[in-house]
Amino acid sequence: MAASLPAYKESFLKDCVAAEALKFGTFTLKSKRISPYFFNAGLFHRADLLRSMTAAYANTLKAYGDSSPSFEFDVLFGPAYKGIPLAAATLDKLADLDIAKYGKLSYSFNRKEAKDHGEGGNIVGASLKGKRIVIIDDVITAGTAIREAIDIIKREGGELVGIIVAFDRLEKVPSATDDDGTPRPSAIGEVRKQYGIPVFAILTLDDVIEFLRSLGSADDLKRLDEYRIKYKASD
Ligand code: OMP
């Protein structure tokens, strides 16, 4: 197990393996990259696993908030669909951790289809207008999904102050010749730079490689190392 991980990250990594949310093999990604591993947050549907994941999100946010008291937000926004349970359950966990600090925060999410009757619109939960928003999502690879969520925040008049994901694959932004070996910035690094906000990940590819090393899984390790060399960002 990765020696330097805080206890809540280590326990989340163990649960990723137990839930088979972290799989090794051959997978085609949304970005069309062929990956030797895949992280499937959707497999954290069982109550004990969901708690493990949302505790890890909540502790990651709290750890940053404790070390940077100026970091404050009003709404945890979970982009549809995968972000919806994450936003609601993580907010509940934050309130468990510190009711005085997090008890009055809200969650919200978008509908994929705009509603033209009843309350209308396509935001459910707290309005984003004029609020400080943290986006919660599952994975960042090339950054496409997260940029779509950022567009929603902008459209709704919210102020983006941070992003948290369960897993950062540490991959560079795509280009026309994706595998030409040119060093390029990471998808997360680009978002950090462009918006000047913190982007947190509970686990990264480096944590998984470290974990495989501790297990002595030579074949998986070799394939992950090759993939990392091909797509890893330069920062
Ligand atoms: P990007 O939009 O390229 O950043 O990819 C992020 C999305 O890819 C996630 O929201 C997932 O739907 C999916 N994904 C995973 O869930 N796990 C992975 O390990 C890799 C991907 C992916 O397709 O890149």
Side-chain angles (χ1 to χ4, degrees), residues 9 12-13 15-45 49-50 53-54 56-57 76-87 89-90 109-112 134-154 160 162-179 184-195 197-212 217 220-221 223-228 230-233 235:
K9 292 196 181 201
F12 177 54
L13 181 48
D15 283 340
C16 286
V17 176
E20 298 191 352
L22 204 48
K23 282 218 155 178
F24 303 98
T26 302
F27 304 91
T28 303
L29 304 184
K30 196 169 107 181
S31 54
K32 304 286 179 254
R33 292 173 187 171
I34 306 295
S35 169
Y37 79 102
F38 194 83
F39 173 76
N40 184 357
L43 292 179
F44 277 75
H45 50 73
L49 297 171
L50 178 66
M53 178 159 63
T54 56
Y57 276 116
L76 196 56
F77 176 76
Y81 294 100
K82 287 189 192 161
I84 297 172
L86 301 180
T90 299
F109 58 89
N110 61 304
R111 294 179 209 277
K112 291 250 183 182
V134 169
I135 296 173
I136 182 166
D137 210 351
D138 56 353
V139 180
I140 288 188
T141 303
T144 315
I146 223 67
R147 284 179 186 279
E148 286 167 9
I150 293 173
D151 286 346
I152 296 171
I153 310 286
K154 278 197 209 151
L160 180 67
I163 295 172
I164 182 163
V165 294
F167 200 87
D168 176 9
R169 296 179 51 102
L170 295 177
E171 295 188 27
K172 56 191 176 185
V173 292
S175 79
T177 50
D178 218 4
D179 56 355
R184 286 199 302 279
S186 67
I188 270 195
E190 280 285 281
V191 171
R192 276 194 190 111
K193 204 165 71 194
Q194 186 176 348
Y195 296 94
I197 53 160
V199 183
F200 317 105
I202 304 168
L203 295 175
T204 71
L205 172 63
D206 286 342
D207 298 323
V208 174
I209 288 179
E210 189 61 32
F211 171 69
L212 287 177
S217 308
D220 288 332
L221 194 54
R223 280 156 41 81
L224 258 73
D225 261 337
E226 286 164 2
Y227 183 82
R228 178 158 66 164
K230 191 165 173 184
Y231 289 117
K232 192 174 181 201
D235 60 357

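When a ligand or atom number is given, it counts from 1 through the structure's own listing order.
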side-chain contact (heavy atoms from CB on, under 4.5 Å) assessment of Tyr227 paired with Ile34
CA-CA 9 Å; Tyr227 183 82; Ile34 306 295; over 6 Å; no

Rounded to the nearest 0.5 Å, the CD1 atom of Ile164 sits from the CD1 atom of Ile136 at a distance of 6.0 Å

Is it true that Gly143 lies under 4.0 Å from ligand 1, counting heavy atoms only?
yes

Pair Arg228-Glu171, salt bridge (charged side-chain N to carboxylate O under 4.0 Å, His left out): steps then yes or no:
CA-CA 8 Å; Arg228 178 158 66 164; Glu171 295 188 27; over 6 Å; no

Got the closest protein heavy atom to atom 6 (C) of ligand 1, with its distance?
Val139 O, 3.4 Å

Out of all atoms in ligand 1, which are within 4.0 Å of some heavy atom of Ala145? Include the element for each.
2 (O)

Verify whether one side chain among Arg111 and Tyr81 offers a donor that lies under 3.5 Å from an acceptor in the other.
no

Can you tell me which portion of Asp138 lies within the under-4.0 Å heavy-atom range of ligand 1? Options are side chain, backbone, both, or neither.
side chain

Record the part of Arg169 in heavy-atom contact with ligand 1 below 4.0 Å; permitted values are side chain, backbone, both and neither.
side chain

Would you say Lys172's side chain and Tyr231's backbone share a donor-acceptor pair under 3.5 angstrom?
no

Salt bridge (charged side-chain N to carboxylate O under 4.0 Å, His left out) evaluation trace for Glu226 with Arg223
CA-CA 5 Å; Glu226 286 164 2; Arg223 280 156 41 81; over 6 Å; no

CD1-CD1 distance between Ile197 and Ile135, expressed to the nearest 0.5 angstrom:
7.0 Å

Could a heavy atom of Lys82 be found less than 4.0 Å from some atom of ligand 1?
yes

Considering only heavy atoms, which of Phe38, Tyr81, Phe27, Phe39 lies nearest to atom 20 (C) of ligand 1?
Phe38

Measure the distance from atom 3 (O) of ligand 1 to every protein heavy atom, then report the residue, atom name and distance (to 0.1 Å) of the closest one.
Ala142 N, 3.0 Å

Identify, for atom 23 (O) of ligand 1, the protein heavy atom at the shortest distance, and state residue, atom and that distance.
Lys30 N, 2.9 Å

Answer yes if a protein heavy atom lies under 4.0 Å from atom 13 (C) of ligand 1, otherwise answer no.
no

May I ask you to check whether Phe44 and Phe12 place their ring centres under 6.0 Å from each other?
yes

Give me the residue, atom name and distance of the protein heavy atom closest to atom 22 (C) of ligand 1.
Thr141 OG1, 3.5 Å

